Amino acid sequence: MKKTFLTVLFAFMFLVGAKAQQVEFEEYKLDNGLHVILYEDNTAPVAVTSVMYHVGAKNETPGRSGFAHFFEHLLFEGTENIGRGKWFEIVTSNGGSNNANTTDDRTYYYEIFPSNSVETGLWMESERMLHPIINQIGVDTQNEVVKEEKRLRVDNQPYGNILKAVKENMFKKHPYRWTTIGEMEDLDAATLEEFQAFNKKFYVPNNAVLVVAGDIDKPKVKKMIKDYFGPIPRGAEVVQPNIKEDPITQQIKAKFYDPNIQLPMIIQAYRTPSMKERDAYILDMVSTILSDGKSSRLYKKLVDEKKLALEVAAINFSQEDYGTYITLAIPLNNTPLETLDAEISEEIVRLQNELISEREFEKLQNIYKNRFVTANATVAGIANSLANYYTFYGDTNLINKELNIYKNITREDIREAARKYLNKNQSLYLEYLPKSEQ
């Protein structure tokens, strides 16, 4: 949300989100269903308080897109005990920082405080959960904030609608077919009562995980959690969507016109399994082979040697229910989009027909080993990962086991995954074009 879309999109191929060293944590549930995870690290006088709600854009209904992202903003408006506009003032006056972000699958809030202010973070998040004020003033204010964000980061941003263009073609039934930020007319049409009902349904303790990490005294923190979160009533059971897409058996061809670009882009996209499946990990490695760094196959071939492309990327965009594997390229020197498509397809076919070399495989393993050494280098990163592993995998200890999944992937696995998922008849062929060409 805070970066330009294309920057974020290219960054996907570098994200792993796990940790090599052992992470010792404790977890338990409150009677109201709130899952609690505690991680103690006394190396720095910092404490992170975070709450992940299992609600994202996929929990919205057609005609009411953008609600989850809207609530990312709206729940900073104030509570019964935190005055309107006072949230950030309280955080900064206590020497802290905070933020939030939303995806199609979850919403995440966090505060980072000096460790002697951990109680402030717990109080604030309990206030957000128990006493939010959802009124027309807040809705109208944040509606304008979200509209400005959409104008700045999507509508007026070059290539800002890539995901919109891909998603609306790749998904016909599942709510992944709309974007996280949604459509502004949907928010404009929504009533105050609809916003209040959305809050009551999803922002409840039994649909959330609380992580407290860093320089903490566990017994004291446990008492604080009981005092602040224990009285919050359990909400109705939240049932996640279970909507299946029909398989793609014939290539989809589409065009999307962007008024903010001068150079076109060619996109190939493939629907892939949930991020919880082992094949999703293998497709991460396929992306690394194709476009991670200047020595990767696509960059070396299309950008460095043949000078056919200005940019090229292969991204395994994994999500809870489905993934989308995306390759894209921006032409250089008027290279036809068909040529770029053929060149990218040639490299994919190569992966399908040939095992990568032992040397390339060793390099790949070293890349992932290094990522795991450096990933989650901060307490905030660990808190985020712990929340993710519990929410999506139901296995918080995956933070200590995920590296082994990558270690056990073979060259044959890589070839088979390319054969299984990256076929023309299973793909979207999307020409992302300047508006002037329409």
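Hydrogens, waters and symmetry mates are skipped; everything else that's a heavy atom, side chains included, is used. Count residues from 1 along the sequence. Keep in mind that this is a model prediction, so the values were computed, not measured.
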Report task. Inspect the surroundings of CD in Gln262 and state if more than 12 heavy atoms from other residues, nucleotides or ligands are less than 6.0 Å away. Result -> no
Query raised in the report: So, does Glu431 use its side chain to make a donor-acceptor pair with the main chain of Lys255 at under 3.5 Å?
Result: no
Query raised in the report: Is the distance between the ring centroids of Tyr421 and Tyr270 less than 6.0 Å?
Result: no
Report task. Using the side-chain contact (heavy atoms from CB on, under 4.5 Å) rule, take Leu192 and Val139 through it: C-alpha gap first, then chi angles, then the decisive distance, then the call. Result -> CA-CA 7 Å; Leu192 177 61; Val139 167; 3.9 Å; yes
Query raised in the report: Taking C-beta and beyond as the side chain, do Tyr39 and Val211 meet within less than 4.5 Å on heavy atoms?
Result: no
Requested in this report: Could you tell me whether the side chain of Ile414 reaches within less than 4.5 Å of the side chain of Ile409, counting heavy atoms only?
Outcome: yes
Query raised in the report: Any donor and acceptor pair, going by atom type alone, linking the side chain of Thr61 with main-chain N or O of Arg64 inside 3.5 Å?
Result: no
Report task. Decide yes or no on side-chain contact (heavy atoms from CB on, under 4.5 Å) for Glu26 and Thr396, but give the supporting numbers first. Result -> CA-CA 10 Å; Glu26 179 180 350; Thr396 312; over 6 Å; no
**Report entry** Heavy-atom side-chain contact between Val55 and Phe67 under 4.5 Å
**Finding:** no
**Report entry** Nearest atoms (heavy-atom pairs only) where His35 meets Ile37
**Finding:** CD2-CG1, 3.8 Å
Requested in this report: Specify the closest pair of heavy atoms between Ser318 and Ala280, including all atoms of both residues, with the distance to one decimal.
Outcome: OG-CB, 4.0 Å
Requested in this report: For the residue pair Tyr176 and Thr324, confirm or rule out a side-chain donor-acceptor distance under 3.5 Å.
Outcome: no
Query raised in the report: To the nearest 0.5 Å, how far apart are CG in Leu403 and CG in Leu398?
Result: 11.0 Å
Query raised in the report: Quick one: do the Tyr406 and Asp284 side chains pair a donor with an acceptor below 3.5 Å?
Result: yes
Query raised in the report: Does the side chain of Phe25 come within less than 4.5 Å of Asn400's, by heavy atoms?
Result: yes
Query raised in the report: Is the centre of the Phe202 ring less than 6.0 Å from the centre of the His54 ring?
Result: no
Query - Distance in Å, Glu72 CD paired with Tyr108 OH, rounded so as to fall on 0.5 Å steps - result: 13.0 Å
**Report entry** Inter-residue atom distance Glu416.CD - Gln352.CD, 0.5 Å rounding
**Finding:** 10.0 Å
Query - Asn366 backbone acceptor or donor facing Asn370 side chain under 3.5 Å - result: yes
Query raised in the report: Do Lys276 and Asp395 pass the salt bridge (charged side-chain N to carboxylate O under 4.0 Å, His left out) test, and can you show the C-alpha distance, the side-chain angles, and the key distance before you say yes or no?
Result: CA-CA 11 Å; Lys276 295 178 281 189; Asp395 182 6; over 6 Å; no
Query raised in the report: Under 3.5 Å, is there a donor-acceptor pair between the Asp188 and Asn143 side chains?
Result: yes
Query raised in the report: Is a side-chain N or O of Asn32 found less than 3.5 angstrom from the main chain of Phe229, in a donor-acceptor match?
Result: yes
Query raised in the report: Under 4.5 Å between any side-chain heavy atoms of Glu111 and Trp87, yes or no?
Result: yes
Requested in this report: Would you indicate whether Lys226, at its atom NZ, is surrounded by more than 12 heavy atoms from other residues, nucleotides or ligands within a distance under 6.0 Å?
Outcome: no
Query raised in the report: Taking atom CD of Gln22 and atom NZ of Lys401, what is their separation to the nearest 0.5 Å?
Result: 10.5 Å
Query raised in the report: Just checking, is any N or O donor in the side chain of Tyr110 or Asn384 under 3.5 Å from an acceptor N or O on the other one?
Result: no
**Report entry** Cation over ring face, Lys167 and Phe317, 6.0 Å, 45°
**Finding:** no
Query raised in the report: Testing Arg153, Lys150, Lys164, Lys147 for side-chain contact (heavy atoms from CB on, under 4.5 Å) with Ile181, which one passes?
Result: Lys150
Query raised in the report: Could you walk me through whether Asp227 and Met224 pass the side-chain contact (heavy atoms from CB on, under 4.5 Å) check?
Result: CA-CA 5 Å; Asp227 291 344; Met224 293 174 194; 5.7 Å; no
Requested in this report: State, without any angle test, whether Glu125 and Thr49 hold a side-chain donor-acceptor pair at a distance under 3.5 Å.
Outcome: no
Query raised in the report: Do you see a donor-acceptor pair shorter than 3.5 Å between the side chains of Asp413 and Thr410?
Result: yes
Report summary line: Here the gap from Phe195 atom CZ to Gln136 atom CD, rounded to the nearest 0.5 Å, amounts to 8.5 Å
Report task. For the residue pair Ser65 and Asp186, confirm or rule out a side-chain donor-acceptor distance under 3.5 Å. Result -> yes
Query raised in the report: Is there a donor-acceptor pair closer than 3.5 Å between any side-chain N or O of Gln157 and the backbone N or O of Asn260?
Result: no
**Report entry** Shortest non-hydrogen separation from Met129 to Leu34 and the atoms involved
**Finding:** CE-CD1, 4.1 Å
**Report entry** Side-chain touch Leu38/Ile225, heavy atoms, less than 4.5 angstrom
**Finding:** yes
Query raised in the report: Glu245 side chain to Lys173 main-chain N or O, any donor-acceptor pair under 3.5 Å?
Result: yes
Query raised in the report: What heavy-atom pair brings Val91 and Phe113 nearest, and what distance separates the two atoms?
Result: O-CE2, 3.6 Å
Query raised in the report: Which of parallel (below 30°), tilted (30 to 60°) and perpendicular (above 60°) describes Phe71 and Phe198?
Result: tilted
Query raised in the report: Any donor-acceptor pair under 3.5 Å linking the side chain of Ser385 with the backbone of Ile382?
Result: no
Report task. Classify the side-chain pair Asn59/Gln240 by whether it contains a donor and acceptor separated by less than 3.5 Å. Result -> yes
Query raised in the report: Within a strict 4.5 Å, meaning less than it, do heavy atoms of the Asp279 and Thr272 side chains meet?
Result: no
Query raised in the report: Between the side chains of Glu77 and Asn135, does any donor sit under 3.5 Å from an acceptor?
Result: no
Query raised in the report: Near Gln250 CD, under 6.0 Å, is it more than 12 heavy atoms from other residues, nucleotides or ligands?
Result: no
**Report entry** Test side-chain contact (heavy atoms from CB on, under 4.5 Å) applied to Trp178 and Lys58, Glu183, Glu168, Glu60, the passing residue
**Finding:** Glu60
Query raised in the report: Is the backbone N or O of Ser117 less than 3.5 Å from a side-chain atom of Asn94, with the two atoms forming a donor-acceptor pair by type?
Result: no
Report task. Write down the atom of Lys29, the atom of Gly33, and the distance for their closest heavy-atom approach. Result -> NZ-O, 3.6 Å
Report task. Look at the aromatic rings of His69 and His73 and report parallel, tilted or perpendicular, splitting at 30° and 60°. Result -> perpendicular
Query raised in the report: Do other residues, nucleotides or ligands put more than 12 heavy atoms under 6.0 Å from Lys424 NZ?
Result: yes
Query raised in the report: Is a donor on one side and an acceptor on the other found under 3.5 Å between the side chain of Thr391 and the backbone of Asn388?
Result: no
Query raised in the report: How about Asp31: does its CG atom have over 12 heavy atoms from other parts shown lying under 6.0 Å from it?
Result: no
Query raised in the report: Does a donor on one side chain and an acceptor on the other come within less than 3.5 Å for Thr103 and Asp105?
Result: no
Query raised in the report: Looking only at heavy atoms, which two atoms of Thr327 and Ala314 are closest? And how far apart?
Result: CG2-CB, 4.1 Å
Requested in this report: Test side-chain contact (heavy atoms from CB on, under 4.5 Å) on Tyr389 and Glu402 and set out the steps.
Outcome: CA-CA 10 Å; Tyr389 288 127; Glu402 195 173 47; 2.5 Å; yes
Query raised in the report: Is it true that atom CD1 of Ile243 has more than 12 heavy atoms of other residues, nucleotides or ligands lying nearer than 6.0 Å?
Result: yes
**Report entry** Between Tyr429 and Asn169, a side-chain donor and acceptor under 3.5 Å
**Finding:** no
Query raised in the report: Counting N and O atoms only, with roles assigned by atom type, does the side chain of Glu127 sit under 3.5 Å from a partner on the main chain of Thr79, one being a donor and the other an acceptor?
Result: no
Query raised in the report: So, do Gln142 and Phe76 sit near enough that their side-chain heavy atoms are less than 4.5 Å apart?
Result: no
